[in-house]
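It should be emphasised that the depicted structure is a prediction, and the values quoted were computed from it without experimental measurement.
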Amino acid sequence: MSESSFSRGDPTAGNNVVMGIHAALRHSTVTVFTQDTGLRYTCIFNPIGCTPDQVIGKTDMELFPPDEATQIIEIKRLVMESGSGIRAEVQLTINQQPYMFDFTAEPLRDAAGQVTGIAGSTVDITERKRAERELEIERAQLQTILNQMPAGIIIAEASSGSILLSNAQLERMQRGTLQSISAIGEHGSLDIRHPDGQPYTQDELPLMRALRNGEVITGEEMDMQWPNGPHVIVSANAGPIRNARGEIIAAVVMLNDITERKMTEQELRRALDRSQDLYATSRRVGTVRTPQSVLSTLLANSYFATSATRATISIFEHPWTREDPPPNWFEVYADWNRDGQGRSFVDQRYPVETAMLAEMMDGYHTVMIRDTHAIGLDSTPARHALRALGTAGLLLLPLVAAGEWYGILNVHFQHPIDFSAEDLHHIQGLADQVAGAIYNLRLLEAEAKARQAAEHANELRLRFLAMISHELRTPLTSIKGFATTLLADDVTWDPASQRDFLQIIDLEADKLTEMIEQLLDLSRIESGTLSIRPEPLALDQVLGDASAQLRLLAPQHSLAVETSGALPLARADRQRVIQVLANLVSNAAKYAPPDTAITVTARPVDGGVQVDVVDQGPGIPAKDRTSVFEPFRRGSDERTRWIRGAGLGLAICKGLVEAHGGRIWIQERTELGTTVSFTLPGAQEVPSAEC
């Protein structure tokens, strides 16, 4: 050290400073030394384990083991070569004891700036390093313990907010690591929410509350969504860690993964809700008494209340099993649409093949058509029908009861649908409730029809007995009386009288024959065995050919046969049409006063033909206009009670017309008289039923 470093012109002061520095160094815990360019010690204060005299003049190779000496010599040479200081931790063995030093070396320079050696210092950090190693061991042991715990754990430092420890369960919970999360709040795009869906703020996090306020949190549920990772529901427990003075130095949070438990609870809740829904629907469906009410009750369910636009219940012509061929047609039994303004399809029949139900339905399983625009049915009637109804999504639900697949429930949606497997299973459960209700209603209907049929049969029997007792007895009485008269031995009748008697017997026998034929026709109609042979028929020609026969049935009336416009060909049985006309004209002649007109007209209507038979009789009361078509039933007008008849003519006409696919009715009239009308289908139409 040069003298210029001290007070100029006062050597004593400089010596005092040097002596003070030496005294301070001798009482310091730091070892200070200098070495020349040959790395021989030229000065040293506070050497460990020896005196300065034992070190000065020696090199490191003479003082330390070779490997340690080589390491420190390389560092010192690098200092002299680079001219820059170096700080490093080195291990040196002194008196066979290992020491760790914090070593610092700087180059020494002369007045010209040339490196003349080095100056260095060492600080004994052996105890500190030992403590650090012990702390690291304890940290590793703590980490091992934490990794064995089932909960995810985070320990954060209070002063910096940095994460000190986390465990493997936390990594497993997030399917990754926490390397990108080094401090509280640095969770990036990790989405943490309350159970109600509201996001957590920074200050609301349990770990932050424990650090700042010393709050202890127990069982707080958190919804955690890692970016591109799993969605986890956790139960958080957090609390502060304090030192001996009670100061918060850290905090710990334990995160228990309760995702499976919550999912199970939610599934159980959904299952309970579905069970309650099925129970409630079953109760509601069980209280209604019409198919339409059953359908409306089903569509009020939450699955359909806001999304379904239309629904129908269709019944097959016969129950369908996998072993049997599919039915040919189905009939719409009930129909519902949301706006209540659309077309109703109730009682309409459709071929199964045309509706593609055979292809869509596989066994007894529900079929969901998510988007009807994507199923490749553009050229089919089914696709056109769905488009016309505005249907985008469609559910086809089999109606099965008592082991029979007897129908289908269709539910239409305005938009594409995507129900889960669980939803479809539940919806099928709802459909099963409907299936049972409809099945029971049909049984009740069948029972009611059977009861009505039995009552009707009993009524027919009573009417038949009344008719037999009156209508058959009268001609039989005449036949028997005149035959007995002719056979009497005590009276001789002239030929003219005998001829009159025989004509009466012949006429009454014809009446009996006609009545028997009518009874046979009625029996065939009732049993469905009446034979008709429809063919293309020019009705104007038939009317022309039959006009003479019709006039014979009304000799006291003026009969006119007219046609309006060009009549299309009808599809009908010629003889049966003439039979209907004969019955209607004969009936009109019975009730209309003599010398009045009876008119038969025909005109085209809806691709077919309508025939009207008009008379000027007393007319038929409105309340009797339907019942007069029933067998053995006659009008209730007291003015016509005296006219004889079995009440079979109109019933037979009704059976014959309906067998052709037409209909028959009595028109409304304001003036006296009756107009009986019936229709026949055109030659290109197919009748809806045949006897």
Side-chain angles (χ1 to χ4, degrees), residues 285 288-301 303-305 307-320 326-361 366-369 372-373 375 377-401 405-415 417 427 430-431 433-435 437-439 441-442 445-446 449 606-608 658 661-663 679 681 685-689:
V285 167
V288 298
R289 291 293 178 266
T290 66
Q292 200 67 34
S293 299
V294 171
L295 198 53
S296 299
T297 301
L298 172 69
L299 272 298
N301 187 275
Y303 278 91
F304 313 112
S307 56
T309 56
R310 167 165 229 113
T312 58
I313 293 174
S314 302
I315 306 300
F316 297 137
E317 66 170 320
H318 58 75
W320 191 359
N328 294 318
W329 53 264
F330 63 89
E331 181 176 328
V332 178
Y333 190 60
D335 187 5
W336 174 93
N337 65 82
R338 181 168 300 283
D339 57 21
Q341 302 299 320
R343 172 189 172 190
S344 175
F345 296 92
V346 174
D347 296 333
Q348 297 295 313
R349 289 184 178 184
Y350 299 94
V352 169
E353 183 178 357
T354 302
M356 294 188 67
L357 292 179
E359 290 80 3
M360 291 180 181
M361 300 302 292
T366 299
V367 171
M368 175 176 65
I369 301 177
T372 58
H373 300 87
I375 59 175
L377 300 180
D378 291 325
S379 61
T380 66
R383 179 67 188 90
H384 291 307
L386 293 175
R387 178 179 295 176
L389 293 173
T391 299
L394 180 65
L395 281 180
L396 302 175
L397 302 154
L399 299 178
V400 181
W405 182 12
Y406 67 86
I408 290 181
L409 168 64
N410 293 348
V411 184
H412 300 245
F413 300 85
Q414 188 175 4
H415 303 289
I417 56 176
I427 290 172
L430 296 173
Q433 300 296 326
V434 172
I438 295 297
Y439 184 79
L441 287 176
R442 296 185 74 218
E445 287 179 0
K449 288 180 179 179
D606 296 332
E658 291 181 350
R663 70 186 187 96
T679 60
E685 296 184 13
V686 178
S688 61

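- Counting only distance, with no hydrogens or angles, the side chain of Thr679 and the backbone of Gly662 share no donor-acceptor pair below 3.5 Å.
- In this structure, CH2 in Trp336 is found 7.5 Å from OG in Ser296, a value given to the nearest 0.5 Å.
- Counting heavy atoms from C-beta on, the side chains of Thr391 and Arg310 never come closer than 4.5 Å.
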Exercise for the section: Go through the steps for Thr366 and Ile427 under the test side-chain contact (heavy atoms from CB on, under 4.5 Å), then give the verdict. Expected result: CA-CA 9 Å; Thr366 299; Ile427 290 172; 5.8 Å; no

Handout entry: side-chain contact (heavy atoms from CB on, under 4.5 Å) between Leu395 and Ile417, worked out
Key = CA-CA 9 Å; Leu395 281 180; Ile417 56 176; 4.1 Å; yes

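- Put simply, the side chain of Ile438 reaches to within 4.5 Å of the side chain of Tyr406, judged on heavy atoms.
- Checked against the 6.0 Å centroid criterion, the rings of Trp329 and Phe316 do not qualify as a close aromatic pair.
- Considering Leu409, Asp335, Val332 as possible partners of Ser314, the one that fulfils the side chain to side chain contact (heavy atoms under 4.5 Å, CB included) test is Val332.
- Residues Leu394 and Val411 fail the side-chain proximity criterion, which asks for heavy atoms closer than 4.5 Å.
- Residues Ala401 and Ala435 approach most closely at CB-O, 4.1 Å, considering heavy atoms.
- To the nearest 0.5 Å, the span separating CD on Gln292 from OG1 on Thr297 amounts to 10.5 Å.
- No donor-acceptor pair under 3.5 Å is formed between the side chain of Asn410 and the backbone N or O of Leu396.
- You'll find the side chain of Leu397 stays beyond 4.5 Å of the side chain of Ile408, heavy atoms only.
- If you take NE2 on His318 and CZ on Phe330, they are separated by 13.5 Å, rounding to the nearest 0.5 Å.
- Glu317 pairs by the salt bridge (charged side-chain N to carboxylate O under 4.0 Å, His left out) definition with nothing, not counting sequence neighbours.
- Across every non-hydrogen atom of Pro398 and Trp405, the tightest pair is CB-NE1, 3.4 Å.
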Practice task
Show your reasoning for whether side-chain contact (heavy atoms from CB on, under 4.5 Å) applies to Phe304 and Thr309.
Solution key: CA-CA 8 Å; Phe304 313 112; Thr309 56; over 6 Å; no

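- Side chains of Glu445 and Pro291 form a contact here, defined as non-hydrogen atoms less than 4.5 Å apart.
- Here the straight-line distance linking atom CD of Gln433 with atom CG of Leu399 works out to 12.0 Å at 0.5 Å rounding.
- Rounded to the nearest 0.5 Å, atoms NE2 (His412) and CD1 (Ile369) are 9.5 Å apart.
- Counting heavy atoms from C-beta outward, Ile315 and Arg442 have side chains that approach closer than 4.5 Å.
- Side chains of Thr290 and Leu441 form no contact here, defined as non-hydrogen atoms less than 4.5 Å apart.
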